[in-house]
Amino acid sequence: MMPTWPAAAPPPGGPAPSTAHATTYSAPAYTPVQVRQSFGQPYAVPQPSYPVTHAYGPAPPAMPSATNPASNPNPPPSAAQEQQNTKIDWPDSVRRYVQRAFMPANLDSTVTRAEMEAKLKETITHAKESGVMYTLDWDSVPLPQQMIRNERQRALFSHPSKPETPAPAEGPTAKKRKSWDVNDTAPADSSSTTPPWRTGAGRLQDRVSFANDRRQIPDEPLKPSSKFSRADKRQKRNEGEYKTYREDTPPPSAGPVVGTCQDLEKRYLRLTSAPKPSQVRPPHVLRQTLELLKKRWKKDQNYAYICDQFKSMRQDLTVQRVRDDFTVEVYEIHARIALEKGDLGEYNQCQTQLKALYKLGLKGKPNEFKAYRILYYIHTANRTELNNALADLTAAEKKDKAIKHALDVRSALALGNYHRFFQLYNDTPNMGAYLMDMFVGRERLHALCNICKAYKQDVPLRFVTEELYFESDVEAAQFILDHGGQDLLEDRNGSIMFLTAKAGNRFEGPRAKAFSRVDIKGQI
Amino acid sequence: MTFDSAFFNGFSYAWSSRDGYRLAQTLSPEVSTEELKATYNSTNSHDIKISVRRGLQGNAALVGGIDQDGIKGWVEVYASYWNATGALVAARESDTDNGGESSQLVWTKVFEVWTDVLNQLLRGYQNYGFEAWTIPCLYVVCRNLRAFAIKADDERNRSSVEDITTNNLQDDFDPDSSKNQKLEECARTLSRVFMICQTDRAPIEESRKWGSYYIANLLLKTYFKLNSASLSKNILNSLRASGKDMPDFSAFPKSQRVTFKYHEGVLAFLEENYVQAETCLTEAWNLCHKDALRNKERILTYLIPCHLINNHTLPTKRLLEPYPRLQQLFLPLCQCIKRGELHKFDLALQEGEDEFVKRRIYLTLERGRDIALRNLLRKVFIARGFEEAKPGENPVRRTRVPVAEFAAAISLGSEEKIDNDEVECLLANMIYKGHMKGYISRQHGMVVLSKSGAFPGTGV
């Protein structure tokens, strides 16, 4: 394979061959994307030299013509050009260097093939032109991918507008953004999630240069780099190479926007640039908006409209950094409406903000929303958070009606006391019932399993209706029928009996299913 | 420690004997303030690199296997260490002079310069080919980074210096998020160190993978402190995923294994996987040094509830004897469970609620109520005595018990009337969970218990 390499290798000649080369490779069918090995992997540790990674790709190419024969429709001209160029006999050292560059262990997936090839060409051409091709110690010349990385890094550090982020900010392990990550996520995110093909100006240059790479002959001669004996083996990584700049982040010193918009209604649009004051409503306008929306909600009950309006209102508050009692009110009302309509995504967003707002000591109904939170954790069976919520409660809060109710619900369920649970369900303060509705079905199945196992021969259907708090016998019967109990109901002397003994384990399956599936959009 | 011939001798001794722990001592900040001061005063920022480089090169002959790159790396490490000693001396003196009241965040400074020590060290592993036997240096530096982070957070929270950079500019804000700012930063750094250990592909004998568990333990400990135990999953998954590439777990030092198994057990515990939790915690318990009372206490805190749930067993007095705190925590509850005193159990649970919640065992202990209830019902069953025995046959217990009798027993302690439907519900639970064998006959208001083993595992 190797001997053919110089033929396909960047011919060192004038501009013509280089364009020929460029057309050959300028339009890759895909852009290689760095494969994310795992979420837990901080990005500061790039490309651990997985020797096996290439199992999923084409075999480690020794040279492009082998892997890309189809896209190279014109190899003969290239060869011809080479002859034209006084037939270079490539020294072995150069061949070894090229070979080394494409060794799988040395490949760096942040550096595209095209870039590497361009760099290789550039390096070799430069060496040839300055007449050191035969004298240069090619074994110690840095690999093209390494030079590219160094260049990127230099570009990065020389860029004045980008403050250098401290190294520890890299490599968050959390896959989801946590509130406590908030301080550092921006730079970390941009370095970790920005795909390699759009990582700012430095990269752009690289990419542009490879199309007409003649232009970019390195200003400084290649520095003889130090030996990377062991370090090389371990894939030298330069710190900071994954830092990228973000484009035009508005300067934070500008302070919050002060809105001037006087419209009451505004459609929600996710901001993609700095907010314009003319499109942001100041708080006194928002107050009127809220009144209007309350009326509209009562009248029309159009959730799509209301949700949209509330989102834009929240956005206006956020961009103006308004955090006062009014903000709390907006979030509370939106949370309640979302709850009523079962929009848990929006509900959770509101709850998260409310939690923080209450911590600032703003007025509102913290107990009501704490109770919702507990009920919600019961629904999602989030024990860790439930424990945290318990730990956060003060003695006074535990006596609050809504919170006490939520705690009782929790304890009733923990002890399997469905009798008590359904009594509590019957008597839920505020809007907690909307939350309880979400898990009352599975608790009914659980209770039904209990009853079927514990009661022998049969029980009146009325008993089930009352214990599990169905609206009517019909509803209870329907519930049983829905879960495969067609033959378990029997009319006996005018009263309907539920044949528990016959039921056996029949409801275990539906029960297990109901408990296994708690997967919610926007789950906290 | 000063950068004199004694230091270089020590360095080359550690090097020639490949004694990582000895080498690590040269990077420890856990020495007296006087010593730190001596270190700091022994040189200056201009000379430090030159003198260390000269010293190391002079000893390079003695030091087998250190090359120019290695020397370069270590020079940087010691230079940053020297720099850190200055900040550390200042912080310690500020603590003693002002009793911790300082207008400046001295420990934040220490944290920052110490982060630099760690970064230099990591650079050594990544770029200068530091060998795996020097990993204990990483231990010492990481361990102290965590300690400094905690001190820095503590100091900042006590001081009135407003950190305006953190909160005000964010859309999603959390007033608490800045409370552990440095420790969170530390956690991120540690997870980077962890990955640097984990992803080393060198042959196992000289791999940084040997550092994985030590760093993982530090990281888990930090996540627990940050109340984000859920992040620990990433660590466990990573260790599990690289399982076959790792040295065998038993080859790691015992101390690391105990800590790791403890954390793994507690994580399983928090996920209600009590069987796995028991396995891990038991392993930790068996590996634990016999005199490490504090560690054993921690293990027992979770192992006891595991046993309660899995095997319905309670700790003996003898087991708890050396641990007054655990006695206080568990004994009242255990007594109530044993005697079947339901109401007292509720009271005891309420009494200890804050402590239990803090240790995250409340929700688990609450389930002990089932066992207390079973013991109470069992008493009712026994109290009913035997059927009139026919001559020549063994006496048989009366297995038909009116629901009302159970109801009476349940309301005995609290003296609150409990309605029969709720009692039936509790009984149904007992039967469903297998604590009791038999069935309820609703028509007759009667419980019919099994003639053979009505209460499995209790001898009746």
Side-chain angles (χ1 to χ4, degrees), chain A residues 38-42 44-45 48-49 51 166-174 178-184 226-231 234 236-237 239 252 318 321 352-353 356 359-360 383-384 386-388 390-391 411 414-420 449-451 453-457 459 463 467, chain B residues 67 69 115 119 123 126-129 166 168-177 180-181 184-185 188-189 191-192 195-196 199-202 226-231 234-235 237-238 241 270 272 357-358 360 362-363 366-367 369-370 421-422 425-429 431-432 439-442 448:
Chain A
S38 85
F39 282 114
Q41 186 176 329
V45 191
S49 46
E170 314 170 34
T173 49
K178 291 271 188 287
S179 60
W180 59 263
D181 258 340
V182 121
N183 303 332
D184 297 280
S226 58
K227 289 198 306 289
F228 302 108
S229 50
R230 234 176 336 247
R234 285 183 166 160
K236 177 167 162 58
R237 321 156 169 142
E239 300 201 7
T318 304
R321 297 199 193 118
T352 314
Q353 284 296 298
K359 264 189 206 148
L360 294 178
R383 251 173 60 100
T384 320
L386 200 52
N387 193 77
N388 289 343
L390 285 184
S411 124
L415 298 171
N417 192 335
Y418 53 82
H419 180 84
R420 179 123 184 72
C449 287
N450 265 281
I451 290 173
K453 177 120 190 239
Y455 289 89
K456 274 294 145 64
Q457 295 322 313
V459 291
F463 171 68
E467 277 296 279
Chain B
D67 53 14
D69 269 350
T115 305
N119 281 334
R123 206 160 290 157
Q126 291 178 303
N127 298 350
Y128 297 120
T166 47
N168 297 331
L169 304 179
Q170 301 293 334
D171 289 351
D172 293 341
F173 67 102
D174 182 358
D176 274 358
S177 69
N180 291 317
Q181 196 188 334
E184 279 159 14
E185 203 176 315
R188 284 190 290 274
T189 310
S191 84
R192 197 158 62 99
M195 289 318 292
I196 287 172
T199 50
D200 190 9
R201 299 272 154 172
L226 287 173
N227 232 347
S228 41
S230 50
L231 291 181
N234 298 332
I235 306 297
N237 288 342
S238 171
L270 294 178
E272 298 192 277
V357 167
K358 208 173 91 194
R360 298 179 174 278
Y362 178 83
L363 301 176
E366 190 183 30
R367 298 214 205 158
R369 196 175 195 268
D370 279 343
D421 282 349
E422 188 168 350
C425 165
L426 293 176
L427 293 171
N429 258 291
I431 295 169
Y432 184 70
Y439 64 89
I440 307 168
S441 169
R442 176 136 181 103
V448 182

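Chain identifiers are assigned alphabetically (A, B, ...) following the order of the sequence lines, protein sequences preceding nucleic acid strands; residue numbering begins at 1 within each chain.
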> Looking at A/Asn417, A/Leu390, A/Val459, which has the largest count of heavy-atom pairs under 4.5 Å with chain B?
Replying inline: A/Asn417
>> Out of B/Asn227, B/Val448, B/Asp421, return the one with the most heavy atom pairs under 4.5 angstrom to chain A.
In response: B/Asp421
>> Can you confirm whether A/His419 sits close enough to B/Asn429 that some side-chain heavy atom of one is under 4.5 Å from a side-chain heavy atom of the other?
In response: no
> Which region of A/Arg420, side chain (C-beta onward) or backbone (N, CA, C, O), has a non-hydrogen atom less than 4.5 Å from a non-hydrogen atom of chain B, or is it both or neither?
Replying inline: side chain
>> Quick one, A/Arg383 and B/Leu363 - any side-chain contact, counting heavy atoms below 4.5 Å?
In response: yes
> Yes or no on side chain to side chain contact (heavy atoms under 4.5 Å, CB included) for B/Arg442 and A/Ile451, after CA distance, side-chain angles and deciding distance?
Replying inline: CA-CA 11 Å; B/Arg442 176 136 181 103; A/Ile451 290 173; over 6 Å; no
> So how far is it from B/Met195 CE to B/Asp200 CG, rounded to the nearest 0.5 Å?
Replying inline: 11.5 Å
